[in-house]
Amino acid sequence: MKKTITALLAIILALSLCACSNGGGATDKADTTAAEVSETVSEGTTLPEGDLTLFVNDKTFSVALERNSTSNVFCYMLPVTFSMNDYGGIEKYHYLDANIPGEPQTVDAKKGDIMLYEDNCIVIFYEDAGEQEGYTVLGHILNTDTLEDALGSGDTEVSIKLQEK
């Protein structure tokens, strides 16, 4: 219990310091705190309550959070906003400046999956992609009917925040 409280206080301090830096913004927060958060958050730290909300242009999507240590670290980086590039007409991706400890494995990537590729790339699949290697599942978009239209072709700005219960 004491370790959990210490870890949470360290996370709050790290995030507070990042919020005070100049030129801040959600994009900078995602890129500069990944290493700090992953060093601070231990496997014993409890995942925040709630799921995620994804914002793309004028569309909002609910995301069911996968319960694993990688999602735990990602949640402590939220909220984030970043530009995502298109790859192969099936996914959007954004490389972070720092690594998040992942649990890469072979997955059956489906439309609506949000994943970490290797240890520093956030990926949103807007089409089924079949078997893929090197991914850690972060969550699943629940309402995918308009996902492909919202993400569109080319680069897209995406925001993700924790939806507290």
| task | Establish, from distance only, whether the side-chain atoms of S69 and N72 form a donor-acceptor pair under 3.5 Å. | result | no
Say you draw a straight line from [atom1] of [X] to [atom2] of [Y]; how long is it, rounded to the nearest 0.5 Å?
X: I114; Y: L52; atom1: CD1; atom2: CG; answer: 6.5 Å
X: Y76; Y: L162; atom1: OH; atom2: CG; answer: 9.0 Å
X: D97; Y: H94; atom1: CG; atom2: NE2; answer: 7.0 Å
X: Y87; Y: F125; atom1: OH; atom2: CZ; answer: 10.0 Å

So [Y] and [X], do their side chains get closer than 4.5 Å, heavy atoms only?
X: D51; Y: L65; answer: yes
X: D119; Y: P101; answer: no
X: T136; Y: Q105; answer: no

| salt bridge (charged side-chain N to carboxylate O under 4.0 Å, His left out) contacts touching residues 75-84 (sequence neighbours left out) |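 For residues 75-84, and leaving out neighbouring residues, there are no salt bridge (charged side-chain N to carboxylate O under 4.0 Å, His left out) pairs at all.
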| message | Show me the pairs that pass salt bridge (charged side-chain N to carboxylate O under 4.0 Å, His left out) and involve residues 74-93, at least two apart or across chains. | response | D86-K92
| note | Applying salt bridge (Lys or Arg N to Asp or Glu O under 4.0 Å) to K110 and not counting sequence neighbours gives D108
| Residues in salt bridge (Lys or Arg N to Asp or Glu O under 4.0 Å) contact with K111, at least two apart in sequence or another chain |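 Not a single residue meets the salt bridge (Lys or Arg N to Asp or Glu O under 4.0 Å) criterion with K111.
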| task | Determine, stepwise, if the pair V107 / E131 fulfils side-chain contact (heavy atoms from CB on, under 4.5 Å). | result | CA-CA 5 Å; V107 298; E131 191 172 283; over 6 Å; no
| task | Of all the heavy-atom pairs spanning Y93 and C121, show the shortest one and how long it is. | result | CB-SG, 3.7 Å
Solution key, residues 137-154 side-chain donor-acceptor pairs under 3.5 Å, sequence neighbours excluded:
residue: H140; atom: ND1; partner: D113; partner atom: OD1; Å: 2.8
residue: H140; atom: NE2; partner: E66; partner atom: OE1; Å: 3.1
residue: N143; atom: OD1; partner: S62; partner atom: N; Å: 3.3

| request: Please name the residue in the list I122, I160, I100 that meets the side chain to side chain contact (heavy atoms under 4.5 Å, CB included) test with M77. | output: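 Only one of I122, I160, I100 forms a side chain to side chain contact (heavy atoms under 4.5 Å, CB included) with M77, namely I100.
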| field | Candidates T81, V80, I124 - the one meeting side chain to side chain contact (heavy atoms under 4.5 Å, CB included) with V158 | value | I124
| With D155 via side chain to side chain donor-acceptor pair (under 3.5 Å) - residues at least two apart |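 In terms of side chain to side chain donor-acceptor pair (under 3.5 Å), with neighbours along the sequence ignored, D155 is linked to no residue.
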| query | Would you say I90 and V123 are hydrophobically clustered, going by side-chain heavy atoms of ILVMFWY under 4.5 Å? | reply | no
| request: Please answer whether the main-chain N or O of K59 pairs with a side-chain N or O of N57 as donor and acceptor at a distance below 3.5 Å. | output: no
| message | The criterion is side-chain contact (heavy atoms from CB on, under 4.5 Å); which residues satisfy it with F55, sequence neighbours excluded? | response | T53, T60, S159, K161
| Can you name the residues that form a side-chain contact (heavy atoms from CB on, under 4.5 Å) with N120, not counting sequence neighbours? | Y95, N99
| request: Can you run down the ring-ring contact (aromatic ring centres under 6.0 Å, His included) pairs that involve residues 97-123, sequence neighbours left out, and say none if there aren't any? | output: Y117-Y135
